[in-house]
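Just the heavy atoms: all of them, side chains too, but no hydrogens, waters or symmetry mates, feed the values below.
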Amino acid sequence: MKNNISDYSKKIKEVVSKLTLEEKATLLVGADTMETATIKRLGIKPVQFCDGPHGVRVGGQRIGAVSFPSLSTLGATWNEEMGYKMGTALANECMRFGKDMLLGPGLNMKRIDLCGRNFEYISEDPIHTGVLGSAYINGLQDNGIGACPKHYAVNNQETDRLHISSEVDERTMREIYLKAFQYVVKHSSPASIMCAVNKVNSVLCSENKKLYDILKDEWGYEGFVMSDWGCCKDAVKSVKAGLDLAMPENPDFVPRLLEGVANGEVTEKQIDDAVERFLTFVLNVQKKEPTLTSEDCHNICREINEEAIVLLKNENDLLPITKEKYKRIAVVGEFAEKPVISGFGSACVYPDEDKIESPLKYIKDYCGDDIEVVYVPLYSTDEYPKKSQLNAMEAMETFESVDLVVMFVGREKSIETEASDRVTSHLNPLFEFLIKRIYPRNQNIVLVAQSGGAFMHLSWDHKIKSIVQMWLGGEAAGSAIANVLFGKVNPSGKLSETFPLKTRTDIDYPGDGYKVCYDEKWRIGYRYYDLHPDEIWFPFGYGLSYTKFEYSNLSIKNTENGFSVECTVKNIGDTAGKEAVQVYFSDRVATVSRPTKELVAFKKTKLLEPQEETTVIFDISNDDLAYFNTALNKWITEPGTYDILVGSSSRDIHLKGEYVYDTECEYTLSYNAEQMMG
């Protein structure tokens with residue numbers, strides 16, 4: 001469902017011409033919590049929206065909907081195909097429940113690790129977010145379901161989100177916080193975009209004409225903009241600024257808009273534009289029957305998880321688990337039996353209980369009669385355990401008698417959620433207490449972490465030989481983590497956010513209750529940590545494998561509008577695997593402050609058999625190297641030499657070349673003054 005307003009403009013204008021002013025106003029506000037208005041005499045039917053980005057959600061009800069992996073999990077796949085598959089499966093779920101538009105994906109940047117909603121966001125990088133977000137949107141819309149990426153814009157915390165003002169300079173806003181939205185507008189034409197609840201530079205996003213001028217006039221966006229729920233405070237100011245639909249129902253909206261027309265605050269032409277944009281979607285809605293079953297969708301969830309699980313550490317090849325290495329293993333923690341599959345809020349989906357896979361079950365299945373499994377629950381997933389220390393002491397003999405301890409840990413269910421931020425990114429200190437007591441009895445410890453985003457460096461890191469980041473994987477996470485632990489699947493996930501040694505204190509967060517200042521400018525994520533590598537635990541783009549890859553044969557060639565990057569990736573290990581190849585660029589002599597390097601493209605290879613190699617090709621535009629010049633109010637790619645860096649993470653660069661952009665600049669770069677005499 002790719003919007004093209006010109007295809008429907010004549011029909012839409014005819015419909016709008018037949019509407020009364022009151023009917024037009026009625027169409028611009030919700031009729032119910034998740035439904036739009038009906039104009040029966042003109043055949044305008046209501047459309048049904050649904051939360052959320054991780055599956056069809058109807059309040060807190062169990063309706064048999066599939067619970068998908070979190071968007072942070074999708075981000076760790078580094079694979080566009082997974083984004084498209086997730087969108088396709090979600091579209092089928094929407095069809096199954098009679099929904100016309102899905103409220104997602106979330107495209108906000110991970111500015112700080114404490115944001116409670118980071119599990120809903122893809123990445124700390126706008127290009128990475130834009131590429132995977134576009135694939136997800138195309139999967140939805142190619143199957144007839146509208147997408148509504150959110151939250152536009154500069155919404156990076158939950159604390160005070162209903163009234164906080166994000167104070168940000170224009171260059172930072174354009175390069176970091178708007179860029180993913182710009183990317184998806186160009187590459188996937190989403191049917192709608194949801195504005196955020198916060199203010200940007202003291203103006204509510206629902207009334208922020210600057211944001212809508214960028215979106216509609218500069219980027220040429222043809223869809224409609226809807227409000228986040230309840231954030232439209234004044235119908236006249238919002239419609240005048242460029243908001244097209246206020247959600248949910250609001251009895252004050254229509255009278256206020258009619259009053260605004262009567263006293264000249266807003267014109268009927270401005271209302272018509274909003275109605276036309278909205279009807280572009282409404283009149284294009286076609287009810288379809290799903291072609292995928294819920295079981296098909298469940299299997300897609302498993303595949304996404306398998307591509308996303310990140311092997312952070314694996315000393316002495318502790319993993320994968322095989323019968324040749326181990327005869328008796330201990331599985332520790334209720335997280336293994338009852339995994340945390342999602343964060344909370346509008347993105348939380350409640351699947352049927354029997355669809356939620358238990359990692360413990362699959363571990364036992366794989367071990368069979370060859371490996372004995374001892375399950376030690378020790379601690380709960382629901383709340384801070386109070387009796388676990390006593391239980392741990394009773395279990396110590398068990399740990400002395402096994403070959404391997406697989407410890408499942410994570411955040412308690414209520415920690416990652418909409419409407420509040422985390423107090424800390426550290427895991428429960430109980431886990432450290434237990435590890436300190438297990439380690440003297442057994443040094444073979446595998447830690448499996450369930451979280452929606454980065455957790456803090458562990459002071460007991462040196463006591464753990466293997467760490468696996470499982471993420472929040474929805475209903476099909478159990479089989480996926482077992483497949484990775486036992487080597488049925490070779491892990492190929494990479495971090496889409498930096499795992500730090502400590503939470504940043506140089507950043508203004510959460511603000512003073514009225515405003516939060518983005519004084520760090522572009523210095524978030526790996527852009528900051530490249531300047532402070534001593535603060536990194538695991539870097540952006542990082543992830544190990546059960547095999548090894550070799551990079552070679554870098555070739556950079558000029559093309560009509562930019563250049564191509566080619567390299568060879570070879571599997572030099574003994575196990576088939578995939579590699580996420582990342583291309584960064586660095587502006588050697590920029591006239592403005594720029595990051596040490598910036599991600600410009602990435603691809604995940606096909607599954608490479610041992611000793612198999614493949615050529616990976618990237619087409620990069622000169623525009624991809626641009627920065628936003630505030631004096632000229634436009635994107636500028638300065639002439640000069642750019643370093644092109646190809647690697648397996650932001651800190652592990654394997655190949656380096658250069659690209660020379662030889663063109664005239666719009667402003668003077670050279671020193672032209674005459675010699676001074678006297």
Side-chain angles (χ1 to χ4, degrees), residues 70 72-73 108-121 123-124 155-161 164 310 312-313 333-335 339-340 342-345 347-348 378-386 388-389 407-436 447-464 467-472 495-513 516 520 524-526 528-529 532 534-540:
S70 65
S72 62
T73 308
N108 297 109
M109 292 295 99
K110 300 187 182 188
R111 178 181 180 238
I112 190 165
D113 54 293
L114 296 176
C115 178
R117 217 165 175 179
N118 273 353
F119 73 97
E120 281 193 63
Y121 302 139
S123 177
E124 67 186 25
N155 177 195
N156 311 103
Q157 65 187 62
E158 295 300 290
T159 303
D160 299 322
R161 67 171 180 157
I164 198 82
V310 182
L312 295 173
K313 190 175 179 182
E334 193 180 65
F335 288 89
V340 178
S342 175
F344 280 72
C348 184
L378 278 187
Y379 42 84
S380 165
T381 62
D382 292 317
E383 58 183 290
Y384 192 98
K386 296 179 180 179
S388 298
Q389 296 180 3
M407 189 170 179
F408 282 77
V409 301
R411 295 193 177 112
E412 290 78 16
K413 289 184 177 179
S414 61
I415 295 296
E416 301 191 71
T417 182
E418 183 177 349
S420 67
D421 290 330
R422 293 191 294 275
V423 176
T424 176
S425 287
H426 286 285
L427 295 177
N428 193 321
L430 166 72
F431 302 138
E432 180 173 8
F433 171 88
L434 294 173
I435 288 172
K436 284 181 176 178
L447 196 76
V448 180
Q450 296 172 23
S451 68
F455 61 92
M456 199 56 59
H457 170 255
L458 314 172
S459 61
W460 25 274
D461 179 25
H462 64 284
K463 296 183 184 296
I464 304 169
I467 304 175
V468 183
Q469 175 64 7
M470 180 176 164
W471 308 106
L472 302 179
L495 296 181
S496 58
E497 58 190 290
T498 305
F499 277 38
L501 292 172
K502 61 181 180 178
T503 293
R504 290 176 64 177
T505 56
D506 66 306
I507 204 167
D508 183 24
Y509 165 85
D512 61 10
V516 55
E520 74 280 1
I524 68 163
Y526 68 88
Y528 167 83
Y529 289 107
H532 303 274
D534 56 315
E535 296 181 25
I536 298 172
W537 186 25
F538 296 111
F540 176 81

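Using modelled atom types, no side-chain atom of Thr381 and backbone atom of Glu334 make a donor-acceptor pair closer than 3.5 Å. A donor-acceptor contact shorter than 3.5 Å links the side chain of Glu497 to the backbone of Ala454. Side-chain N or O atoms of Glu124 include one that pairs as donor or acceptor with a backbone N or O of Thr498 at under 3.5 Å. Judged purely by atom type and a 3.5 angstrom limit, Ser72 uses its side chain to pair as donor or acceptor with the backbone of Gly452.
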request  = Determine, step by step, whether Met407 and Ile464 satisfy the side chain to side chain contact (heavy atoms under 4.5 Å, CB included) criterion, reporting the C-alpha distance in whole Å, the side-chain angles of both residues, the deciding distance to 0.1 Å, and the verdict.
outcome  = CA-CA 10 Å; Met407 189 170 179; Ile464 304 169; over 6 Å; no
message = Test side chain to side chain contact (heavy atoms under 4.5 Å, CB included) on Arg111 and Val516; report intermediate values, then the result.
response = CA-CA 12 Å; Arg111 178 181 180 238; Val516 55; 3.6 Å; yes
inquiry  = Could you go through Arg504 and His532, starting from their C-alpha distance and side-chain angles, then the distance that decides it, and tell me whether this counts as side chain to side chain contact (heavy atoms under 4.5 Å, CB included)?
reply    = CA-CA 11 Å; Arg504 290 176 64 177; His532 303 274; over 6 Å; no
query = What do the steps show when you test Arg117 against Asn108 for side chain to side chain contact (heavy atoms under 4.5 Å, CB included), and what is the final call?
reply = CA-CA 10 Å; Arg117 217 165 175 179; Asn108 297 109; over 6 Å; no
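Residues satisfying the side chain to side chain donor-acceptor pair (under 3.5 Å) test with Thr503, not counting sequence neighbours, are Asp113. A search for salt bridge (Lys or Arg N to Asp or Glu O under 4.0 Å) contacts involving Arg161 returns Glu158, Glu418, not counting sequence neighbours. Under the side chain to side chain donor-acceptor pair (under 3.5 Å) criterion, Asp512 pairs with Lys515, sequence neighbours left out. Residues that satisfy the salt bridge (Lys or Arg N to Asp or Glu O under 4.0 Å) test with Glu416, not counting sequence neighbours, are Arg411, Arg422. Applying the side chain to side chain donor-acceptor pair (under 3.5 Å) rule to Thr424 yields no partners; only residues at least two apart in sequence or on another chain are considered. With sequence neighbours excluded, no residue forms a salt bridge (Lys or Arg N to Asp or Glu O under 4.0 Å) with Glu535.
Minimum interatomic distance between Asn118 and Ile112 (heavy atoms only, all atoms of both residues): ND2-O, 3.1 Å. Annotation for Cys348 and Ser342: closest pair CA-OG, 3.7 Å, computed over non-hydrogen atoms.
Taking NE2 of His457 as the reference point, atom NZ of Lys502 lies at 12.5 Å (rounded to 0.5 Å). Expressed to the nearest 0.5 Å, how far OG of Ser459 lies from NE2 of His426 amounts to 8.0 Å. Here Glu120 contributes atom CD and Thr417 contributes atom OG1; the two are 9.0 Å apart, rounded to the nearest 0.5 Å. Taken from OH in Tyr528 to CD1 in Ile536, the straight-line distance is 10.0 Å, to the nearest 0.5 Å. Between atom CG of residue Leu427 and atom CG of residue Leu447 there is a gap of 7.5 Å, rounded to the nearest 0.5 Å.
Residues Pro539 and Tyr529 are not in side-chain contact: their nearest non-hydrogen atoms beyond the backbone lie 4.5 Å or more apart. Within the 4.5 Å cutoff, side-chain heavy atoms of Asn155 are placed close to those of Tyr121. Leu378 has its side chain out of reach of Leu430: every pair of non-hydrogen atoms, C-beta onward, lies at least 4.5 Å apart. Side-chain atoms of Ile415 and Val340, non-hydrogen and from C-beta on, never get closer than 4.5 Å to each other. Within the 4.5 Å cutoff, no side-chain heavy atoms of Asn428 are placed close to those of Tyr379. Contact check for Val448 versus Phe335: no side-chain heavy atoms found under the 4.5 Å cut-off. Annotation: side chain of Leu458 is not in contact with side chain of Phe431 (no heavy-atom distance under 4.5 Å).
For the side chain to side chain contact (heavy atoms under 4.5 Å, CB included) criterion with Ile467, the lone passing option out of Val310, Leu312, Val409 is Leu312.
Remark: the Tyr509 side chain and the Asp421 side chain contain an N/O donor-acceptor pair separated by less than 3.5 Å.
Ring planes of Phe499 and Trp537: tilted class, angle from 30 to 60°. Using cut-offs of 30° and 60° on the angle between ring planes, the pair Tyr526 and Phe540 is parallel.
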